[in-house]
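Remarks on the structure that follows.
Letters go in sequence order (proteins before strands), and every chain restarts at 1.
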Number of protein chains: 2
Amino acid sequence: MVLPNRQSKLKKITKIILADDHDVVKHGVEAIIRQNISGPIVIKVASTNELRNQLLAHKDIDLVILDIKMPGGNTVDIVKDIKANHENIKILMYSAHDEPQYAVNFIRNGADGYLSKSQPLEKIALAIKVLENGKRFVDEAFDEDLINRKGEKDLSLSNLLSHREFQILSLLATGKSNIDISEELNLQKSTVSTYKKRIMQKLNIDNNIGLVDAYRTDFKISSN
Amino acid sequence: MVLPNRQSKLKKITKIILADDHDVVKHGVEAIIRQNISGPIVIKVASTNELRNQLLAHKDIDLVILDIKMPGGNTVDIVKDIKANHENIKILMYSAHDEPQYAVNFIRNGADGYLSKSQPLEKIALAIKVLENGKRFVDEAFDEDLINRKGEKDLSLSNLLSHREFQILSLLATGKSNIDISEELNLQKSTVSTYKKRIMQKLNIDNNIGLVDAYRTDFKISSN
DNA sequence: TAAAAATGTAGTTTTATTTCTACTTTTTGT
DNA sequence: ACAAAAAGTAGAAATAAAACTACATTTTTA
């Protein structure tokens, strides 16, 4: 996947959706926005469903500030969706996780920024200004290099693994045994083993736990 | 473990430590406190270490508002510690997790209240008032019954499992194999297996993933 | 487009884990 | 204080998983 060019048309950000399941977070963010930006409209939602509804209801959203973990699921997909259907809505991921891999993944899938919740709240205002100028905002902590460097590889697991491998990983992640899986997929046990080994090789992980963690975060995160 | 009597001496809450690794959360909570309580002192910390330091530095803390998940680890232990050493500091757990089991566990280990971050922020003010009156505050959502009912059992894993069992679970949770563990602890492989089986029985879990999830959340949470 | 790499699949062998059983030592309940 | 339950430990047998090897098919790539 090639990183898209972010020098899109500049437009003042005035209508914002704040998506986070925690009321405190929404309060905090809204407060800082109101202090720093003149008269923005802020819509608050607490789930991916609500978010989708609001996106349908309002045609002129400029920015979505999106918690990476929300009830209702896979926020990577939401990011892809939004970018596919409303290309000039900016997306700022706001996350409880500091691992740079997360940031990489979201950015590669279309998010325009990534900010950690542990950062000073004021950075939100900064981030918005940066986005407003058509640039990408990624916390220094995440070493923007990491995101630009390394060619154009998509580091998400579904891309790193073959379909079959990913499928098997997903079954492993639910706690199924090799045998369960071989039956479910009508394969030999040894075949499942081979897949598992290849997955582990590709991800450079050598135990089930790591595999599951990788699956859940959709990343190869060294857990040692 | 028997629930302690919470009708302790009433004292106005004026000095509060806010422990949370997310700046937004601290901002939001501080704001709501300042709006609702006259002139409290609010000390903010972002890790369990800082928390311990501030507890040493200030002798007159009335309340600790504590994120259940913080860098530096096991907050159940912190709760126990605080209650053991400063019996009139109140503790309000503030959590991103809605599972009642969490609440139960913290309350049983000495916390005076449990509030979910997804609840309206204003509830913080309410909770503080309740605590100030010497009562326990638990979100209605968690059905206080659950906490009082069911005898006096401590549902935390370290209590449910024997020392050895817990020790082995903790090693399993790091991804170690039975053999690794048997070597590390100088046991037969079969012994490790036996422990593992007993742990699984006790927790009613039948795969490694569930085991690790249980360990990480310090609870038996059915993951199906 | 030919060669190289990746993918989908298994058989066989080696190794690890589970099961079943059992025995001793602690702990607990009455 | 004594029986019952829980905890700590293993050996042997049964079962499952991992490693190694192998071989068609696709897919990439130089």
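Whole-Å rounding puts the A/K197 NZ to D/dA22 C1' distance at 11 Å. Between the NZ atom of B/K189 and the P atom of C/dC20 there is a distance of 20 Å, rounded to whole Å. Look at CG on B/L187: it is 5 Å from P on D/dT9, rounded to the nearest Å. Between the CD1 atom of A/I199 and the C1' atom of D/dA18 there is a distance of 14 Å, given to the nearest Å. Distance A/I181 CD1 to C/dA10 C1': 17 Å, rounded to the nearest Å. Look at CD1 on B/I168: it is 9 Å from C1' on D/dG8, rounded to the nearest Å. As a whole-Å value, the separation of A/L161 CG from C/dA5 C1' is 16 Å. The separation between A/Q188 atom CD and C/dT13 atom C1' is 16 Å, rounded to whole Å.
B/Y195 has no side-chain polar atom (N or O) that falls below the 4.0 Å cut-off from OP1 or OP2 of D/dA7. Note on B/K196: a side-chain N or O is less than 4.0 Å away from OP1 or OP2 of C/dT18. Between B/K202 and the phosphate of D/dA7, there is a side-chain N or O to OP1/OP2 separation shorter than 4.0 Å.
Under a 4.0 Å N-O distance rule, the pair B/D67/B/K117 qualifies as a salt bridge. Between A/E165 and A/K202 there is a salt bridge, with a side-chain nitrogen of the basic residue lying less than 4.0 Å from a carboxylate oxygen of the acidic one. Look at B/K83 and B/D112 and you find a salt bridge, because one of the NZ, NE, NH1 or NH2 atoms lies within 4.0 Å of a carboxylate O, short of that distance.
Each of A/N178 and B/T194 was assigned the nucleotide of DNA chain D with the nearest heavy atom; the assignment lying further toward the 5' end belongs to B/T194. Nearer the 5' end of DNA chain C, as judged by each residue's closest nucleotide, is the contact made by A/R198, out of A/S190 and A/R198.
Comparing C/dT21, C/dA10, D/dA18 by their nearest atom to the side chain of A/N208 picks out D/dA18. Of all nucleotides listed (D/dA10, C/dT19, D/dG8), D/dG8 comes nearest to the side chain of B/S162. In the set C/dT9, D/dG11, C/dT21, the nucleotide with an atom closest to the side chain of A/T191 is C/dT9. Residue A/S193 places its side chain closer to D/dA18 than to any other of C/dG8, D/dA18, C/dT19.
Counting only N and O atoms by type, the side chains of B/Q167 and B/H163 include no donor and acceptor under 3.5 Å apart. Inspection of the A/K196 and A/N208 side chains reveals an N or O donor paired with an N or O acceptor under 3.5 Å.
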